K.L.:
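Handing you a structure now.
Chain identifiers are assigned alphabetically (A, B, ...) following the order of the sequence lines, protein sequences preceding nucleic acid strands; residue numbering begins at 1 within each chain. Remember, it's a predicted structure, so these values are computed and weren't measured experimentally.
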Amino acid sequence: MASDLPVNFIQNIINQDLEADKNDGKVHTRFPPEPNGYLHIGHAKSICLNFGTALANNGLCNLRFDDTNPSKEEVEYVDSIMTDVKWLGFDWDDRLFYASDYFEQLYQYAVGLIKAGKAYVCNLTADQIRDYRGTLTEPGKESPYRNRSVDENLDLFERMRAGEFEDGYCVLRAKIDMKSPNMNMRDPVLYRILRATHHRTGDKWCIYPMYDYAHPLSDALENITHSICTLEFSDHRPLYDWCIENVDYSGEAQSRPQQIEFARLNLTYTVMSKRKLRELVENGYVDGWDDPRMPTISGLRRRGYTPSSIRDFCERIGVAKRNSMVDIALLEHCIREELNANAIRVMTVLRPLKIVIENYPEGQVEWLETENNPENEAMGKRKIPFSRELYIEQEDFMENPPKKFFRLRPGGELRLKSAYIIKCEQVIKNDAGEITELICSYDPDSKSGGPTSGRKVKGTAHWVSVPHAVDVEVRLYDNLFLSENPDEEDDYKTALNPASREILQGCKAEPGIAELPQGNKYQFLRQGYFCQDSILSKPDKMVFNRIVSLRDTWAKVSKN
RNA sequence: UGCCGGUUGGUGUAGUGGUAGCACGACUGACUCUGGAUCAGUUCGCCAGGGUUCGAAUCCUUGACCGGCAGCCA
């Protein structure tokens, strides 16, 4: 039997572990977000990796909030993260945890470290600690408080917890090696005093463990076997290991988690740091975390991306250690591929140009049959009204067209999709010389599906009957940034795309659009894939977001 | 210039001593009542030098270049 195991270096490590019967053959991962912002597509990569790897290896994956810094964290973020992970299609069952669940335990472990002479309370100020730490090329020097007695440390640490000292008055540090070439091992801070109300523990604590201390121990307590994180934590791995090796679990933890680092996702034409995304939101460059232009999960969801398309994307980009920049075209390909197979076709004219078919009887309406999806016959057919007055797309007519323009021109013919072939007889203009209307004729023998419909015309266009048209608003989106890599600019905000959103009013959709089956995702014929905006769209005033355009060969041709 | 990591077509990713593959993109052509989709094809790559070997992307070595690290953030 062929294996569905993903091909990447992490799976290779797991295969070796499995072969060596490490961890009794168990695979247990976790997704450990800090609830200080909304999740983005880069987190989706991590979510798919952690949950996906567990699933593929018959293991489990926990959701654990790394909530050790109450000054930055909020329940709003906790809630949004759970929503997003679930929406992506993953389930942590009853394994929802918080680092704050372990605060008491972590405190006791720290007491143990002190008793073992491996941690001490340090009264150096933050500035002094930085000075003492040395530099990248010079060793640090030991704190004068480094050799306090165990009893004194125990007393001081207890009083830190009791709230006897002001914020920043002292910290608990690990006693490791001030001369280590790895900065993280130069007596790292384990606990700091911080008076901030924690979203879960309230004001119970005024000391909080640092990530480097809380994270490995949380992993161990949850019996995590493979602790997958991003590259910037590689330098922290020796400290991760130190924590696990030096606390005395007395049987609470059974695993010896192994930290494995992979490269985070970078996508062209966007930014991925929480800080920058927050800045875009807070300074009004976008409408919110869920603005359809944002690379956040909530933004992609509102834009119309499906969970499966995002999972597919995360699979295709692979996992490795080399820093890379994935072309956003791949993400777009994933949603196009899915929606091409599933989305119902609809005719909507974005920039309407009215045409009158002079030889079509006034008042007559024909209900013509059209397929809901030519890729999938099972999706059936529907009827759309054809009448004497129609809207076509402005760009489907040119008075003086270039060589390969296959659409309507004066005296030229065009097939109307699922209807008739029309011919442009006359161009009507207003005083300003702008085209306001076209007078056309139609060939009654050319009706789609009819016995004499076989005549070939080079172009086919979408259209909507004027008396039956529904007015809708359409929002077209382009990349949020003009630069492939905004992070390279002095200020990434200067690369913002002023035309990232175009709002079109008075677009003409075929009737009954909202009632169509599979009504939440559509292909507007020849335009792209669209969905109703989950917030702005109302039954009497529909608003559609363009998820992604169709590939457009003509656009490329016409540019040259 | 201390430590850690990395370098395979335009982009991403396989290949772990035996014909460098896949996907996306780009380009050709066919087909098409969506200039969509589909189909066929083309283009394009092992960072560099030295070594080991019958044979090296893979092993050794020297170098170049890129990324990360000096929060009481994660």
K.L.:
Which is true for A:Arg415 with a 4.0 Å heavy-atom rule: it touches a base, it touches only sugar-phosphate, or it touches nothing?
P.N.:
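A:Arg415: base contact, heavy atoms under 4.0 Å.
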
K.L.:
Select one nucleotide: of B:G2, B:G35, B:C24, the one nearest the side-chain heavy atoms of A:Thr137.
P.N.:
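Nearest nucleotide to the side chain: B:G2.
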
K.L.:
Please tell me whether A:Tyr360 and A:Phe386 form a close aromatic pair, meaning their ring centres lie under 6.0 Å apart.
P.N.:
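Yes: the rings meet the under 6.0 Å criterion.
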
K.L.:
Decide yes or no, distance alone: a donor-acceptor N/O pair under 3.5 angstrom between the base of B:U34 and the side-chain of A:Gln523.
P.N.:
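When only heavy-atom distances are counted, A:Gln523 does reach the base of B:U34 through a donor-acceptor pair under 3.5 Å.
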
K.L.:
What integer number of Å spans the P atoms of B:G63 and B:U1?
P.N.:
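Approximately 9 Å lies between the P atom of B:G63 and that of B:U1.
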
K.L.:
When we call it a touch if two heavy atoms are under 4.0 Å apart, what does A:Arg345 touch: a base, just sugar-phosphate, or nothing?
P.N.:
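Since a base atom lies under 4.0 Å of A:Arg345, the category is base.
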
K.L.:
Between B:C4, B:G12, B:A14, spot the one nearest the side chain of A:Asp235, thanks.
P.N.:
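Output: B:C4.
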
K.L.:
Ring centroids only, cut at 6.0 angstrom: are A:Tyr120 and A:Phe157 within range, meaning strictly under it?
P.N.:
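No, the ring centres sit 6.0 Å or more apart.
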
K.L.:
In whole Å, what separates the C1' atom of B:G12 from that of B:G29?
P.N.:
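Comparing C1' positions in B:G12 and B:G29 gives a spacing of 28 Å.
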
K.L.:
Determine the interatomic distance between P on B:A30 and the same-named atom on B:G36; round to the nearest Å.
P.N.:
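It works out to 13 Å between them.
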
K.L.:
On RNA chain B, nearest-nucleotide positions of A:Lys321 versus A:Tyr529: which is more 5'?
P.N.:
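Per heavy-atom nearest nucleotide, the more 5' residue is A:Lys321.
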
K.L.:
Using the P atom as the point on both nucleotides, what is the distance between B:U61 and B:G5, in whole Å?
P.N.:
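After rounding to an integer number of Å, I get 14 Å for this pair.
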
K.L.:
Give me the distance, rounded to whole Å, that separates B:C3 from B:C46 when you measure between the P atoms they each carry.
P.N.:
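Result for the P pair: 31 Å, nearest Å.
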
K.L.:
Using a heavy-atom cut-off of 4.0 Å across all strands, would you classify A:Val319 as base, sugar-phosphate, or nothing?
P.N.:
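Sugar-phosphate, backbone atoms only, no base.
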
K.L.:
Just to be sure I understand the rule, does A:Phe233 reach a base, reach only the sugar-phosphate, or reach nothing, if contact means heavy atoms closer than 4.0 Å?
P.N.:
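Here A:Phe233 touches the bases of the nucleic acid.
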
K.L.:
Work out how far the P atom of B:U11 is from that of B:U16, and round it to whole angstrom.
P.N.:
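Approximately 24 Å lies between the P atom of B:U11 and that of B:U16.
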
K.L.:
By the 4.0 Å heavy-atom rule, please label A:Lys404 as base, sugar-phosphate, or nothing.
P.N.:
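It contacts base atoms.
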
K.L.:
Do A:Glu375 and B:G36 have a side chain to base donor-acceptor pair shorter than 3.5 Å?
P.N.:
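Counting by modelled atom types and ignoring angles, a donor-acceptor contact under 3.5 Å is found here.
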
K.L.:
Remember a base hit wins even if backbone is also touched, and classify A:Asn8 as base, sugar-phosphate or nothing at under 4.0 Å, heavy atoms.
P.N.:
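A:Asn8: backbone/sugar contact only, no base atoms under 4.0 Å.
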
K.L.:
Return the pairing partner of B:C69 with a 3.5 Å limit on both distances, Watson-Crick or G-U wobble; otherwise return none.
P.N.:
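Partner of B:C69: B:G2.
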
K.L.:
Under 4.0 Å, heavy atoms only, any strand: does A:Arg186 hit a base, just the sugar-phosphate, or nothing?
P.N.:
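Nothing: the residue A:Arg186, judged by heavy atoms under 4.0 Å, touches no strand.
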
K.L.:
Pick base, sugar-phosphate or nothing for A:Leu525, based on heavy-atom distances below 4.0 Å to the nucleic acid.
P.N.:
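Result for A:Leu525 = base.
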
K.L.:
Classify the nucleic acid contact of A:His236 as base, sugar-phosphate or nothing, counting any heavy atom under 4.0 Å across all strands shown.
P.N.:
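Base, at least one base heavy atom under 4.0 Å.
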
K.L.:
Please state the C1' separation for the pair B:C66 and B:U8 - nearest whole angstrom.
P.N.:
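Each nucleotide's C1' atom is 16 Å from the other's.
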
K.L.:
Using the P atom in both, what is the distance from B:U32 to B:A23, to the nearest Å?
P.N.:
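Nearest-Å result for B:U32 against B:A23 at atom P: 26 Å.
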
K.L.:
What I want to check is whether an N or O donor and acceptor connect the side chain of A:Arg322 with the base of B:G67 at under 3.5 Å.
P.N.:
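Side chain to base: no pair below 3.5 Å.
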
K.L.:
Please classify the nucleic acid contact of A:Leu124 as base, sugar-phosphate, or nothing, using heavy-atom distances under 4.0 Å.
P.N.:
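Base, at least one base heavy atom under 4.0 Å.
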
K.L.:
Does A:Arg351 come within less than 4.0 Å of A:Glu393, counting only side-chain N to carboxylate O?
P.N.:
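Salt bridge: no.
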
K.L.:
Please give the nucleotide sitting opposite B:C46 as a Watson-Crick or G-U wobble pair, both distances under 3.5 Å, or none.
P.N.:
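Check on B:C46: unpaired, no WC or wobble geometry under 3.5 Å.
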
K.L.:
Just compare B:A23, B:G67, B:C33 and give me whichever is closest to any side-chain atom of A:Asn323.
P.N.:
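Looking only at side-chain atoms, A:Asn323 lies closest to B:G67.
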
K.L.:
So among A:Ile47, A:Val85, A:Asp84, A:Ile81, which one has a side-chain contact (heavy atoms from CB on, under 4.5 Å) with A:Ile297?
P.N.:
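Between A:Ile297 and the candidates, side-chain contact (heavy atoms from CB on, under 4.5 Å) is satisfied uniquely by A:Asp84.
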
K.L.:
Is A:Arg455 salt-bridged to A:Asp445, going by a charged N under 4.0 Å from an acidic O?
P.N.:
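Looking at A:Arg455 and A:Asp445, the cut-off is not met.
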
K.L.:
With heavy atoms under 4.0 Å as the rule, sort A:Glu34 into base, sugar-phosphate or nothing.
P.N.:
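Touches sugar-phosphate only.
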
K.L.:
Centre-to-centre under 6.0 Å for A:Tyr522 and A:Phe544, is that the case here?
P.N.:
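Ring centroids of A:Tyr522 and A:Phe544 are less than 6.0 Å from each other.
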
K.L.:
Under the criterion of centre distance below 5.5 Å and interplanar angle below 30°, is A:Trp554 classified as stacked on the base of B:G35?
P.N.:
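Whether judged by distance or by angle, A:Trp554 passes, so it stacks on the base of B:G35.
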
K.L.:
Contact class for A:Val171 (heavy atom, under 4.0 Å): base, sugar-phosphate, or nothing?
P.N.:
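Answer is base: heavy atoms of A:Val171 come under 4.0 Å of a base.
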
